[in-house]
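Heavy-atom basis, side chains included; hydrogens, waters and symmetry copies ignored.
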Amino acid sequence: MENRLNIYNTLTKRVEKFVPNTDGKVAMYTCGPTVYHFAHIGNLRSYICEDVLEKTLRYLGYDVKRVMNITDVGHLSSDADTGEDKMLAGAKREHKTVMEIAKFYTDAFFSDCAKLNIKTPDVVEPATNCINEFIHMIEVLLEKGYAYRAGENVYFDTSKLKDYYVLTGHSEENLFVGVRDDVEEDLNKRNKNDFVLWFTKSKFEDQALKWDSPWGVGYPGWHIECSCISMKHLGEYMDIHCGGVDNIFPHHTNEIAQSESFLGHKWCNYWFHVHHLNDKTGKMSKSKGDFLTVSLLEQKGYDPLVYRMFCLQSHYRKPLEFSYEVLDQVKASYDKLKKRIAGLKTEKNEDGSLKSVDKEAFDKFTESFKNSLCSDINTAGALTVVYDVLKADINDDTKKALVDSFDYVLSLGLVNAEQQTEDNGADEELSSYVEEMLAKRTEAKKAKDFATADAIRAELAEKGITIKDTREGTVWELNR
Ligand code: AMP
Ligand code: ZN
């Protein structure tokens, strides 16, 4: 297999050629959501970029196995084991049980992912499914001397490692997040950045989920879940591990510490981190309370795929600022792009394949598309190739074949755009007339002018066009 992807690796701090442990196969892990609230569009930026990474690998021909956890226990409001339990706070806020909250927000997360064309990973495992695996890893860490018991909790001893800070390249002082002015210091910790593997005694007397363990009834720390869940499904060696940049420390640093101490060898070769989506006030975060969700964008009339395109236009290693002005510009480009693709005049063979694809041109543009993605997932460059194809002096069948193939990775619904128009059975002129009438009808409905809205429906019906209002918007069909 030709390894041609070059990717920035947080571990080595440079762009490197991606070479998996087993030729042609990739073991990939993604930190999943903490399901105490809706995912905000910042979280979803990370999942969109990770989705593009996975699809790029598959597009290049790798056989990818991707695993993701669902954090339904153990994540406290500070990533350094202090503050409130996020799940418990969510349950209290909504007067529900922790498991009800977990189920509701896990479903909501996957529903948002579906709207954004984010593929569900091959394996999705909630942390609460794996308590025995966590206990086993903690037992081994205690046996090997990497962990200690104090104040009835079990802690990882970061002083036992030569290079605990391998992922960050920073010193202990710079990264210490465990003690802030407003948070009580945990005096059980021997070293500042030691972290909890298992809690039996904490300040949450009312912890909802508890399990028996060799150290008493309690619950796991947050970091142990990703080490165990990834090993359960991917084995002892992992190729690539993903998350947002806030996961680098302490979460991923602690995952490496636990996993490599447990295994006795290097664990994961490449670390992929997505930079944050910010709003005007800074990083978008769930704890801020007032955050943007996919549903909110839909309510404001945006197709979620417009947000996907907004993300693809910038590089995953740059912070991205959200604004409605830019989203509106993207919406205009997205609509125009779909229209252009819908206007391609293609001819198909009986088996549904396109009639006259120019192989040389197809290969040439496919190379450019792959080159962009292989340059550290340059999605903006990959989008430019789509425009280059549409502008090129090649036949429409070739254009359509290229866009179809690129949309596997971009997942912007570009293929469906054409199918929908084909299914309508209408030509371009009729399509733009109907779209115009539908826009007028939407305006009329908004203004509660139902007489005009009904008149538009009747006018369209006279021309043999049936319209139907769906949750996704109005769809139409030409009756032959
Ligand atoms: P959480 O549900 O808080 O565990 O976060 C889920 C994922 O979203 C993690 O990979 C985080 O690193 C990532 N994340 C959190 N906030 C942002 C943000 N503002 N922009 C991009 N990714 C984020
Ligand atoms: Zn994780």
Side-chain angles (χ1 to χ4, degrees), residues 29-40 43-44 46-47 66-79 81-115 118 120-138 152-154 195-233 243 247 251 255 285-289 291 293-295:
Y29 185 82
T30 300
C31 288
T34 309
V35 283
Y36 70 110
H37 217 319
F38 291 108
H40 55 65
N43 301 127
L44 292 160
S46 286
Y47 294 109
R66 177 155 171 222
V67 177
M68 184 172 88
N69 65 308
I70 298 288
T71 299
D72 54 1
V73 68
H75 196 172
L76 309 191
S77 60
S78 154
D79 287 352
D81 304 331
T82 53
E84 231 183 335
D85 178 308
K86 292 188 179 191
M87 293 303 298
L88 200 59
K92 276 189 191 153
R93 183 185 68 231
E94 297 185 19
H95 308 290
K96 293 196 179 130
T97 65
V98 166
M99 285 333 274
E100 279 166 351
I101 287 286
K103 162 102 182 65
F104 179 81
Y105 287 113
T106 303
D107 291 348
F109 172 74
F110 285 113
S111 151
D112 285 346
C113 286
K115 288 174 185 167
I118 297 171
T120 303
D122 303 290
V123 179
V124 176
E125 179 93 69
T128 48
N129 269 7
C130 302
I131 302 298
N132 289 340
E133 283 91 339
F134 304 157
I135 291 175
H136 171 66
M137 186 176 278
I138 298 167
E152 295 170 56
N153 292 331
V154 184
F195 54 93
V196 179
L197 296 166
W198 188 268
F199 293 94
T200 65
K201 191 163 165 46
S202 71
K203 56 187 174 168
F204 318 117
E205 293 307 332
D206 57 348
Q207 178 66 23
L209 299 175
K210 292 180 217 179
W211 295 265
D212 205 4
S213 82
W215 320 287
V217 174
Y219 61 99
W222 172 39
H223 315 293
I224 196 83
E225 66 179 87
C226 290
S227 293
C228 287
I229 293 174
S230 62
M231 279 181 215
K232 177 173 171 186
H233 299 287
N247 284 162
H251 185 49
E255 280 188 42
S285 86
K286 291 185 205 176
S287 52
K288 275 191 187 167
F291 54 79
T293 58
V294 167
S295 312

Handout entry: Approximate separation, where rounding is to 0.5 Å, of Lys103 NZ and Thr97 OG1
Key = 12.0 Å
Practice task
Check the pair Trp198 / Ile224 against side chain to side chain contact (heavy atoms under 4.5 Å, CB included), numbers first and verdict last.
Solution key: CA-CA 9 Å; Trp198 188 268; Ile224 196 83; over 6 Å; no
Problem - Under the salt bridge (charged side-chain N to carboxylate O under 4.0 Å, His left out) test, residues paired with Glu100 that sit two or more places apart - result: none
Exercise for the section: Decide yes or no for Lys86 and Trp222: does some side-chain heavy atom of the first lie under 4.5 Å from some side-chain heavy atom of the second? Expected result: no
Practice task
Give, for atom SG of Cys226 and atom CE of Met68, the distance between the pair rounded to the nearest 0.5 Å.
Solution key: 10.5 Å
Completion exercise
Nearest heavy-atom contact between Val73 and Glu225 is O-OE1, 3.5 Å
Problem - Heavy-atom side-chain contact between Ile138 and Trp215 under 4.5 Å - result: yes
Problem - Minimum-distance pair of heavy atoms, taken over all atoms of Thr71 and Asn69 - result: OG1-ND2, 3.1 Å
Handout entry: Chi angles and distances behind the side chain to side chain contact (heavy atoms under 4.5 Å, CB included) call for Tyr47, Thr30
Key = CA-CA 9 Å; Tyr47 294 109; Thr30 300; 3.8 Å; yes
Practice task
Could you please spell out the steps behind the side chain to side chain donor-acceptor pair (under 3.5 Å) verdict for Glu255 and Tyr29?
Solution key: CA-CA 12 Å; Glu255 280 188 42; Tyr29 185 82; 6.0 Å; no
Handout entry: Closest contact, heavy atoms only, Trp211 versus Pro220
Key = CZ3-CD, 4.0 Å
Handout entry: Parallel, tilted or perpendicular: ring planes of His223 versus Phe195, cut at 30 and 60 degrees
Key = perpendicular
Exercise for the section: Applying side chain to side chain donor-acceptor pair (under 3.5 Å), name anything that partners Thr293, two or more places apart in sequence or on another chain. Expected result: none
Practice task
With sequence neighbours excluded, tell me which residues meet side chain to side chain contact (heavy atoms under 4.5 Å, CB included) with Ala39.
Solution key: Asn43, Leu44, Phe109
Exercise for the section: Can you measure from CD1 (Ile101) to CG (Asp72) and round to the nearest 0.5 angstrom? Expected result: 12.0 Å
Handout entry: Backbone N/O of Asp107 and side chain of Ser111: donor-acceptor pair under 3.5 Å
Key = no
Practice task
Identify the heavy atoms of Val35 and Met87 that sit nearest to each other, and give their distance.
Solution key: O-CE, 3.3 Å
Fill in the blank from the handout: Between Tyr105 and Arg93, the two heavy atoms sitting closest are OH-NH2, 3.7 Å
Practice task
Output the distance between atom NE2 (His136) and atom SG (Cys228), rounded to the nearest 0.5 Å.
Solution key: 8.5 Å
Practice task
State which residues pass side chain to side chain contact (heavy atoms under 4.5 Å, CB included) with Thr120; sequence neighbours excluded, sorted by chain then number.
Solution key: Phe110, Val124
Problem - By side chain to side chain contact (heavy atoms under 4.5 Å, CB included) - contacts of Asn132 (at least two apart) - result: none
Handout entry: Pairwise side-chain contact, Thr200 with Asn153, heavy-atom cut-off 4.5 Å (strictly under)
Key = yes
Fill in the blank from the handout: In short, His40 meets Phe291 closest at the heavy-atom pair CB-CD1, 3.4 Å
Handout entry: side chain to side chain contact (heavy atoms under 4.5 Å, CB included) involving Glu125 - partner list, sequence neighbours excluded
Key = Asn129, Cys130, Ile229, Lys232, His233
